Amino acid sequence: MRSNFVREKALSGQKTMGCFLGMGSATVAELLAHAGAEWLLIEMEHNGLDMAEVERILMAVNGTDTIPMVRIPSADPVFIQRSLDIGGMGIAVPMVRTVAEAEAIVRASRYPPQGRRSFGPLRASHYTFEYEEYFERANENILIMLIIETPEAVENLEEIAGVPGIDVLFIGAFDLCLSLGLNPFEMPLPEIDAVMERAVAVGRSCGVAVGAGAGTPEELKALSAQGFTFLSYGPDYKLLVDAIRPGVEAFRQVEHT
């Protein structure tokens, strides 16, 4: 089992950058990995991907140095188990609210005695060629990221960050806006800025990385300056939209000349 250098960087306070994958394309994932993304997070919460399709994307990324992870639809242990067994080296869990939920997520991702994960990492162990090594290393090599996007999570932020095994708190700004009755398209908003500032402080005090998403290089630099260390750039479909939009607009200007 290769070492999860992204988890090592996150826990040591170093910055790391990756991208959320919403398009469900193994080709796009492979391209972004070769482009230098240190981690890629396969989206399952907001699209129609099934586990077989996730597995194909994992296969594409495994030909690179990039660390592949899965954003599961919910904290259901079945999603955690399957995402890790097919080769994910980390999970991102949405809509976490309480310490008890965070603790359950960690248990589902860990083999006994630290947790309750059952053993069957067929693809993750290279089809049993690394069975024993995977068992010995998985508990300390799997990255656990919680997406902070509910008022309850904000209220319980310090306690959640203190749960052993939680590596990253990622601010889900859009859903956090919605859960607070705010319009996400009006950001920046002082309420969200306050949560982000507090999260960075909590992360520093608890030794947990704090992440957020940027859509432009300027936003990426600003988040870094604010103290965020787990930086998402994209997601993949935004990168494509940003690439095609200027060309379409230019064509419309010259179309009738």
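Everything numeric here is computed off the predicted structure, so don't read it as measured data.
Sorted by first and then second residue, the side chain to side chain donor-acceptor pair (under 3.5 Å) pairs involving residues 52-63 (not counting sequence neighbours) are N62-R123. Among residue pairs with one or both ends in residues 45-82, none qualify as ring-ring contact (aromatic ring centres under 6.0 Å, His included); sequence neighbours excluded. Residue pairs meeting the side chain to side chain donor-acceptor pair (under 3.5 Å) criterion with at least one partner in residues 80-91, sequence neighbours excluded, are Q81-D85, Q81-S118, D85-R117. Residue pairs meeting the side chain to side chain donor-acceptor pair (under 3.5 Å) criterion with at least one member in residues 178-206, sequence neighbours excluded: E158-R198. Listed by first and then second residue, the ring-ring contact (aromatic ring centres under 6.0 Å, His included) pairs that reach into residues 131-154 are Y111-F135, F119-Y131, F119-F135, sequence neighbours excluded.
Residues passing the side-chain hydrogen bond (donor to acceptor under 3.5 Å, both in side chains) test with N4, sequence neighbours excluded: none. Checked against ring pair (Phe, Tyr, Trp, His ring centres under 6.0 Å), F251 has no partners two or more places apart in sequence or in another chain. E136 meets the salt bridge (Lys or Arg N to Asp or Glu O under 4.0 Å) test with no other residue; sequence neighbours excluded. Partners of H34 under the side-chain hydrogen bond (donor to acceptor under 3.5 Å, both in side chains) rule, at least two apart in sequence or in another chain, do not exist in this structure. Residues forming a salt bridge (Lys or Arg N to Asp or Glu O under 4.0 Å) with E45 (at least two apart in sequence, or on another chain): R71.
Annotation: side chain of C19 is not in contact with side chain of L41 (no heavy-atom distance under 4.5 Å). Within the 4.5 Å cutoff, the side chain of E38 has no heavy atoms near those of the I67 side chain. The shortest distance between side-chain heavy atoms of M145 and L143 falls below 4.5 Å. The closest side-chain heavy-atom distance from I42 to M69 is not below 4.5 Å. The side-chain heavy atoms of R252 and V248, taken from C-beta on, include a pair separated by under 4.5 Å. Within the 4.5 Å cutoff, no side-chain heavy atoms of L58 are placed close to those of M89. Residues L180 and I192 have side chains in contact (heavy-atom distance under 4.5 Å, counting atoms from C-beta outward). In this structure the side chain of F20 reaches within 4.5 angstrom of the side chain of W39, judged on heavy atoms.
Scanning all heavy atoms of the two residues, the minimum distance from A10 to A209 falls at O-CB, 3.7 Å. Contact record, A102 with L146: CB-CD1, 3.9 Å, taken as the closest heavy-atom pair. Of all non-hydrogen atoms in V202 and A161, the two that sit nearest each other are CG1-CB, 3.6 Å. Considering every non-hydrogen atom in both D236 and G22, the closest pair reads OD1-N, 2.9 Å.
Residues E130 and S125 have side chains that never bring a donor and an acceptor to within less than 3.5 angstrom of each other.
Following chains of ILVMFWY side-chain contacts shorter than 4.5 Å, one can reach V61 starting from M51, so the two form part of one hydrophobic cluster. Under a hydrophobic-cluster definition in which Ile, Leu, Val, Met, Phe, Trp and Tyr are linked whenever side-chain heavy atoms come within less than 4.5 Å, directly or via other members, V210 and M187 are assigned to the same cluster. Using a 4.5 Å cut-off between side-chain heavy atoms of Ile, Leu, Val, Met, Phe, Trp and Tyr, with links allowed through other members, I147 and V96 fall into different hydrophobic clusters. Clustering ILVMFWY residues whenever any of their side-chain heavy atoms sit less than 4.5 angstrom apart, transitively, puts V106 in the very cluster that holds L157. Cluster annotation: V99 and V93 are assigned to the same hydrophobic cluster (Ile/Leu/Val/Met/Phe/Trp/Tyr, side-chain heavy-atom contacts under 4.5 Å, transitive).
Counting non-hydrogen atoms of neighbouring residues, nucleotides and ligands closer than 6.0 angstrom, the CD atom of E255 exceeds 12 such neighbours. Atom CZ of F185 has 12 or fewer neighbouring heavy atoms from other residues, nucleotides or ligands inside a 6.0 Å radius. In this structure, D65 places its CG atom where only 12 or fewer heavy-atom neighbours from other residues, nucleotides or ligands lie under 6.0 Å away. Within 6.0 Å of CZ on R116 lie no more than 12 heavy atoms contributed by other residues, nucleotides or ligands.
Within the model, atoms OG of S74 and CD of E101 stand 10.5 Å from one another, a figure rounded to the nearest 0.5 Å. One distance of note links CZ of R2 with CZ of R137; it measures 11.0 Å at 0.5 Å rounding. E30 contributes atom CD, which lies 11.0 Å from atom CG of L40 (distance to the nearest 0.5 angstrom). Annotation: the span from L84 atom CG to R110 atom CZ amounts to 9.0 Å, rounded to 0.5 Å. Taking CD1 of I91 as the start and CD1 of I72 as the end, the distance is 4.5 Å to the nearest 0.5 Å. To the nearest 0.5 Å, atoms CD1 (I57) and CD (E43) are separated by 10.5 Å.
Tested against L21 for a side-chain contact (heavy atoms from CB on, under 4.5 Å), the candidates L49, L32, V54 yield a single pass: L32.
No side-chain donor-acceptor contact under 3.5 Å links K9 to the backbone of T16. With N156 contributing its side chain and T98 its backbone, the two residues share no donor-acceptor pair below 3.5 Å. A distance-only check finds a donor-acceptor pair linking the side chain of T64 to the backbone of T66 [under 3.5 Å].
A salt bridge does not link E155 with R97: none of the charged nitrogens is closer than 4.0 Å to a carboxylate oxygen.
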Residues 162-177, side-chain donor-acceptor partners within the protein, below 3.5 Å, at least two apart:
unit_1: D167; atom_1: OD1; unit_2: R7; atom_2: NE; d: 3.3
unit_1: D167; atom_1: OD1; unit_2: R7; atom_2: NH2; d: 3.1
unit_1: D167; atom_1: OD2; unit_2: R7; atom_2: NE; d: 3.0
unit_1: D167; atom_1: OD2; unit_2: I144; atom_2: N; d: 2.8

Can I get a per-line list of side-chain donor-acceptor pairs under 3.5 Å for residues 218-233, giving both atom names and the distance, sequence neighbours left out?
unit_1: E219; atom_1: OE1; unit_2: G215; atom_2: N; d: 2.6
unit_1: Q226; atom_1: NE2; unit_2: A222; atom_2: O; d: 3.4

**OP:** Before giving the answer on side chain to side chain contact (heavy atoms under 4.5 Å, CB included), spell out for L240 and V28 the whole-Å C-alpha distance, their side-chain angles and the decisive distance to 0.1 Å.
**Re:** CA-CA 10 Å; L240 186 58; V28 169; over 6 Å; no
